Amino acid sequence: MTDAFVPVAALADLAPGAALDVVAGGIEIALVRDEDGGVHALEDVCSHDEIALSDGDVEGCTIECWKHGSQFDLVTGRPLQLPAVLPVRVFPVRVDEESGSILVDPTATTSP
Ligand code: FES
């Protein structure tokens, strides 16, 4: 099995409670740091409409779409609030402590 993780950003550029839009493997990804410092990677499209989740607000371990207010769990990608009813894809993510890079595997998902 090959390692498909690719570096997408520096951890220093993603403060807790912030989000960045990055591209990996041709997929637009919202790179999100929860308020406890954990890093998450979700497909950067709200499941309710074509809106970038990376433009939303991070609250605890969720991100809220700015357009109609659906909140998504950063771990599972599941919507926690209407109007969105479908989950967004979540990608495996890890931090290379030595280089300070955030790496994402765009070929795998950890949720439907
Ligand atoms: S576009 Fe995201 S909740 Fe409607």
Side-chain angles (χ1 to χ4, degrees):
M1 190 163 138
T2 54
D3 187 343
F5 280 88
V6 292
V8 289
L11 184 63
D13 293 337
L14 188 63
L20 282 175
D21 60 313
V22 299
V23 176
I27 301 171
E28 292 190 29
I29 292 174
L31 205 58
V32 185
R33 197 152 176 205
D34 64 42
E35 291 180 335
D36 291 329
V39 181
H40 310 271
L42 296 82
E43 189 166 15
D44 197 11
V45 183
C46 178
S47 63
H48 180 239
D49 205 348
E50 298 285 312
I51 296 296
L53 286 177
S54 57
D55 290 336
D57 293 322
V58 179
E59 200 173 298
C61 199
T62 68
I63 190 161
E64 181 177 310
C65 177
W66 63 266
K67 190 156 188 193
H68 304 114
S70 283
Q71 284 184 322
F72 293 86
D73 186 302
L74 293 174
V75 175
T76 65
R78 291 200 178 97
L80 303 173
Q81 197 168 303
L82 294 171
V85 293
L86 297 174
V88 295
R89 290 192 292 168
V90 176
F91 300 92
V93 62
R94 71 178 191 221
V95 176
D96 183 322
E97 301 294 341
E98 203 169 298
S99 66
S101 295
I102 300 170
L103 302 100
V104 171
D105 179 353
T107 67
T109 57
T110 56
S111 69

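Values reported hereafter were calculated over all heavy atoms of this structure, with side chains retained and with hydrogens, waters and symmetry mates removed. Just so you know, these numbers come straight off a predicted model, no measurement behind them.
Under the 4.5 Å side-chain contact rule for hydrophobic residues, I27 and L103 do not share a cluster. Criterion: ILVMFWY side-chain heavy atoms under 4.5 Å apart, direct or through other members. Under it, V104 and V75 are not part of a common hydrophobic cluster. Taking hydrophobic clusters as Ile, Leu, Val, Met, Phe, Trp and Tyr residues chained together by side-chain heavy-atom distances below 4.5 Å, L74 does not share a cluster with L11.
More than 12 heavy atoms of other shown residues, nucleotides or ligands fall within 6.0 angstrom of atom CD in E35.
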message: Determine whether V32 and V39 satisfy the following criterion, side-chain contact (heavy atoms from CB on, under 4.5 Å), listing intermediate values before the conclusion.
response: CA-CA 6 Å; V32 185; V39 181; over 6 Å; no
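Looking at residues two or more places apart in sequence or on another chain, you find a side-chain contact (heavy atoms from CB on, under 4.5 Å) between V23 and E28. Evaluation of the salt bridge (Lys or Arg N to Asp or Glu O under 4.0 Å) rule for E43 yields R89 as partners, not counting sequence neighbours. Under the side-chain hydrogen bond (donor to acceptor under 3.5 Å, both in side chains) criterion, S54 pairs with D44, sequence neighbours left out. In this view, Q81 and Q71 satisfy the side-chain contact (heavy atoms from CB on, under 4.5 Å) rule, not counting sequence neighbours. For D34, the side-chain hydrogen bond (donor to acceptor under 3.5 Å, both in side chains) partners at least two apart in sequence or on another chain are H40.
Distance check: I51 CD1 to K67 NZ gives 4.5 Å after rounding to the nearest 0.5 Å. Taken to the nearest 0.5 Å, the CD atom of E64 stands 10.5 Å off from the SG atom of C46. The distance from the CZ atom of F5 to the CD1 atom of I102 is 12.5 Å, given to the nearest 0.5 Å. Of the inter-residue distances, the one linking I29 atom CD1 with L53 atom CG reads 12.5 Å to the nearest 0.5 angstrom.
Residue pairs meeting the ring-ring contact (aromatic ring centres under 6.0 Å, His included) criterion with at least one partner in residues 42-84, sequence neighbours excluded, are H48-H68. Sorted pairs that involve residues 4-27 and meet salt bridge (charged side-chain N to carboxylate O under 4.0 Å, His left out), not counting sequence neighbours, are lacking altogether.
A donor-acceptor pair under 3.5 Å is formed between the side chain of R33 and the backbone N or O of L14.
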Side-chain atoms of residues 90-97: list all donor-acceptor pairs with protein atoms under 3.5 Å, sequence neighbours left out, distances to 0.1 Å.
residue, atom, partner, partner atom, Å
R94, NH2, D3, OD2, 3.1
D96, OD1, E98, N, 2.9
D96, OD1, S99, N, 3.1

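Alongside L86, the hydrophobic cluster contains L82, V85 (criterion: ILVMFWY side chains under 4.5 Å).
Contact annotation: the side chain of P87 never approaches that of S47 to less than 4.5 Å [non-hydrogen atoms, C-beta and beyond].
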